[in-house]
Amino acid sequence: MESRACSRASLGEMAAWTMGARGLDKRGSFFKLIDTIASEIGELKQEMVQTDVSLENGLEPSEAHSMVRHKDDDYSEEKDVKTCPRDSGYDSLSNRLSILDRLLHTHPIWLQLSLSEEGAAKVLQSQPPGIFLVRKSTKMQKKVLSLRLPCEFGAPFKEFAIKESTYTFSLEGSGISFADLFRLIAFYCISRDVLPFTLKLPYAISTAKTEAQLEELAQLGLNFWSSPADNKPPNPPPPHRPLSSDGVCPASRQLCLINGVHSIKTRTPSELECSQTNGALCFINPLFLKVHSQDLSGGLKRPCTRTPNANGTERPRSPPPRPPPPAINSLHTSPQLSRTETQASMPETVNHNKHGNVALLGTKPTPIPPPRLKKQASFLEAEGSAKTLTGCRPRPGQEREPEEPGPGTAGGPGGAPPAEPPGNCTRAAGPESRPPWHGGRQRLSDMSISTSSSDSLEFDRSMPLFGYEADTNSSLEDCEEESDQETMAPPIKSKKKSNSSFVLPKLVKSQLRKMSGVFSSFMTPEKRMVRRIAELSRDKCTYFGCLVQDYVSFLQENKECHVSSTDMLQTIRQFMTQVKNYLAQSSELDPPIESLIPEDQIDVVLEKAMHKCILKPLKGHVEAMLRDFHMADGSWKQLKENLQLVRQRNPQELGVFAPTPDFVDVEKIKVKFMTMQKMYSPEKKVMLLLRVCKLIYTVMENNSGRMYGADDFLPVLTYVIAQCDMLELDTEIEYMMELLDPSLLHGEGGYYLTSAYGALSLIKNFQEEQAARLLSSETRDTLRQWHKRRTTNRTIPSVDDFQNYLRVAFQEVNSGCTGKTLLVRPYVTTEDVCQLCAEKFKVGDPEEYSLFLFVDETWQQLAEDTYPQKIKAELHSRPQPHIFHFVYKRIKNDPYGVIFQNGEKDLTTS
Amino acid sequence: MMAIRELKVCLLGDTGVGKSSIVCRFVQDHFDHNISPTIGASFMTKTVPCGNELHKFLIWDTAGQERFHSLAPMYYRGSAAAVIVYDITKQDSFHTLKKWVKELKEHGPENIVMAIAGNKCDLSDIREVPLKDAKEYAESIGAVVVETSAKNAINIEELFQGISRQIPPLDPHENGNNGAIKLGKQATQASRRCC
């Protein structure tokens, strides 16, 4: 083990590396060493996972391997070793790149989804047997693996259909499924399974020494196949034919690495339920999980495919995020942007370290009660970050560098993000005052391994059910995403508490923290994709990022642009739908979303990503606006009065004839509603609503065995909502009603949401109802309009509507730079934009100003008859991303214009 | 593999006629691994095979009391079918049923499949609504009609099978997207009642 100081020194490098330094090969051997250690730990983990999964108590790795072999009996080790350059992990010093790495880097070459059958035939014709392409067959409406065959097979190539289930990819006819396409291909490079022989990477790819080389090849895209880069090996080895099924399988480790856990296609019912998103809302009903937990405890021999597969070496795959924008950019970006950036980048470290711990721990974790200090640290953090969401929105000071070990977290197991400065922590005292039933507290203290806020209760909830290993998988599903959302209490509170208390020696932990990057691959493809999209949305060099950022800042700056709360929510919903459509078709996602996410899940994943990159930054704004609207139109005042009125009635007067929740239950429900307010995702909010409904039902049924329908439920719900006496519930329900993915409105969530809306409408109209015994026709109309809106929303919109934003910076010598997002339609000329700017920036002498484009470090004054939006579109369409800004500033070269001294020269020449 | 098609079914009828009992009976009679986790009996789902499709019924129960009537549009919007339940021992409930049919015709989704269930047929000795009346009425509006007994599990399956049969099979060109049909319906409906 290295000394602490050492690893700390390496940290900077790691950080720089993950942050995007590309010259990986230039790193010193010292860092290579770290790297190697990292990847070996990753592998170690894999082995241990295997062992643990297969057999409860740690076993010889070979036994675990033999398990793999059963699934892969046609496997011939000898030949593979020859044909496939592999990274066994232990040679990583010399040859770091695994097959998966190579595939990930070179997907523009072999992943040709839009290639026709003829095109594929043409490419493969000149290739040796074993070479392959993946494309989408229009005939089959499926992705296919096109494989070059040796001449004795008759046909020059053959296509194998790729089957996509809800979570996995597999070859038609094979029982082995994979989390994504890359892992599938990597597996078939090693094992033939249902193929006539294993796949082969083109010689240039399989012999590339560095990622840079691979990147270079990848640049060629489809042209690779016809370029000289695609050189052939001196002696192409023939593809090996299947051999008999015996033979040891030393490469099984590689298999494991590829697929995380050697994969089996089946999932336990609980897993399926976990993310069932078709139709009904994908709410996890923990009750149901419970039912199936027995499956798991009984049959742990079946590792789940959901394991966020991958090994340490997978890490370099994700292209490093773009470097932070140059100085000028910060002039424009609002504090919110930088805030979200730092915030969102935080959870990564956390997850991986957590799992790293588990990994290293390996065989037998000893449950030790966590030291008090740690407990506190974790607690503060969880609270702290939960608060960031609810409370003050922009906190630019709160920069968090995930790789930097904060002083507060040194003791925090699992490398939690640095604790906030003491000042920020003050609020953490809050939870103390919570009613003790709330599970969050007890849970947090349970989790000595997972200190951070991102280990929200998703993690915790699954823990007792899945046990130790399985839990690592399932927790990953969620712990990353809603990192800032306060944990949700599962309705079932009777859980075992002990199983997560594994504590690592401090030294190990600090080591592991440094390795954070290694574990980034433990996320599911879904998580990774959501994160990638969120990253992209913050990158203004991308068209998508521009769309999102412009829209977000436009909304925030133009409070007057919506006439009503529904109008506002509706536009946001529409924007999300449109951006989703854009993203589904655009090529900005790399690797393409189709290669990581099975097709029927793409929309679900995109929806999640939209919540993260649009609703999350807008949450505070939207809340404030909703409140303002309701205050202004007096509806809250009336609601308040009516709540009061209804609360004075006894249940029977409201039509309640079933047992009602008592005071304690109402308090519980209130807390759930308060938790709901902290969420930005409408789906998560609905999930909490369902928990409330479940609680109400439990009280109603009261072990009587009686089933209550809506006749009984709706009055009780109305009663409960009145008892809770929360005005905010009105906006919460509005938020969910308008922003929930329309496809979820028919399911269980949609049902109870409708009921809650109905109950609230009844309360709002209580006085009138007493007179007329009917809702006012006005409410009826509102309902109809809502219905109409939500249904017409689904017409396919075009992105065009949202291309209409232009971010313009305003530069003044004295006051520095300010930015505004303006509504600028495609055919608005620069002249008009200038006018608009003069107005918005309150410029007294507009003739002195003009609109400039700052791009590639040069300034260009835009002619009056040009179209800024066209220019923007053109810039975005260039193959290389450009950083550019529209700046409204004085035309005359300002003698005091110190800021742009470099650029001004160009201006004078132009 | 059969495509699962989700069908929203809304339950209407006076309070106390046994709407939820019918659904409970339907959903729970046979053990079904596909029953979704359910919060309570007011929303239930059940998947049944129909031809070469699987129909997943998403059953929305409504509160039958008069005071909740105005909320009904929220529940029946987007429904592929409505089950309107009356109690054969209560003439009033049959009267309410007619009001529901009228409302659905006026404001409900176009082409909504209507099924009439005369519940509590185990109590036929105190019957107030003759089967003949119900049949004639159903015929006049083109609805499915059966007399059921949730208590004795009579005709429950048949009721839903009847609905399944009335649901037009998916247009093969629509590529298995079950939302498509509902969507179309909703869109037309929205334009019709444009307010």
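Below, all heavy atoms of this structure are taken into account, side chains as well, without hydrogens, waters or symmetry copies. Each chain gets a letter, A, B and so on, in the order its sequence line appears, and its residues count up from 1.
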#### Entry: Euclidean distance, B:Ser70 OG relative to A:Asn765 CG, rounded to 0.5 Å
8.0 Å
### Query
Between A:Gly655 and B:Arg67, what is the shortest heavy-atom contact and its length?
N-NH1, 3.4 Å
### Task
Would you please classify the geometry between the A:Tyr751 ring and the B:Phe43 ring as parallel, tilted or perpendicular, with 30° and 60° separating the classes?
tilted
### Message
More than 12 heavy atoms of other residues, nucleotides or ligands under 6.0 Å from CD of A:Gln652: yes or no?
### Response
yes
### Task
Report the C-alpha distance between A:Leu762 and B:Leu71 in whole Å, list the side-chain angles of each, state the deciding distance to 0.1 Å, and finish with yes or no for side-chain contact (heavy atoms from CB on, under 4.5 Å).
CA-CA 9 Å; A:Leu762 287 172; B:Leu71 298 178; 4.1 Å; yes
### Task
Can you measure from CG (A:Leu745) to NZ (B:Lys8) and round to the nearest 0.5 angstrom?
8.5 Å
### Task
Give a yes or no on whether the backbone of A:Gly709 and the side-chain of B:Asp61 come within a donor-acceptor separation of less than 3.5 Å.
no
## Note on the structure
Taken to the nearest 0.5 Å, the spacing of A:Ser755 OG from B:Met74 CE works out to 9.0 Å
### Message
Is there a side-chain contact between A:Met707 and B:Met44 in this structure, where contact means two heavy atoms from C-beta onward sitting under 4.5 Å apart?
### Response
yes
### Query
Rounded to the nearest 0.5 Å, what separation is found between the CG atom of A:Leu714 and the CZ atom of B:Phe68?
4.5 Å
### Query
Nearest 0.5 Å, what's the CD1-OG1 distance between B:Ile39 and A:Thr698?
8.5 Å
### Query
B:Thr15 versus chain A, heavy atoms under 4.5 Å apart: side chain, backbone, both or neither?
both
## Note on the structure
Checked B:Ser21, B:Gly64, B:Gly40 vs chain A; the most non-hydrogen pairs under 4.5 Å come from B:Gly40
### Summary
Heavy atoms of A:Pro715 and B:Gln65 approach each other most closely as CG-NE2, 4.0 Å
### Task
Please round to the nearest 0.5 Å and tell me the distance separating atom NE2 of A:His746 and atom OG of B:Ser79.
8.0 Å
## Note on the structure
For A:Phe713 and B:Ser42, the nearest pair of non-hydrogen atoms, with its separation, is CD2-OG, 4.1 Å
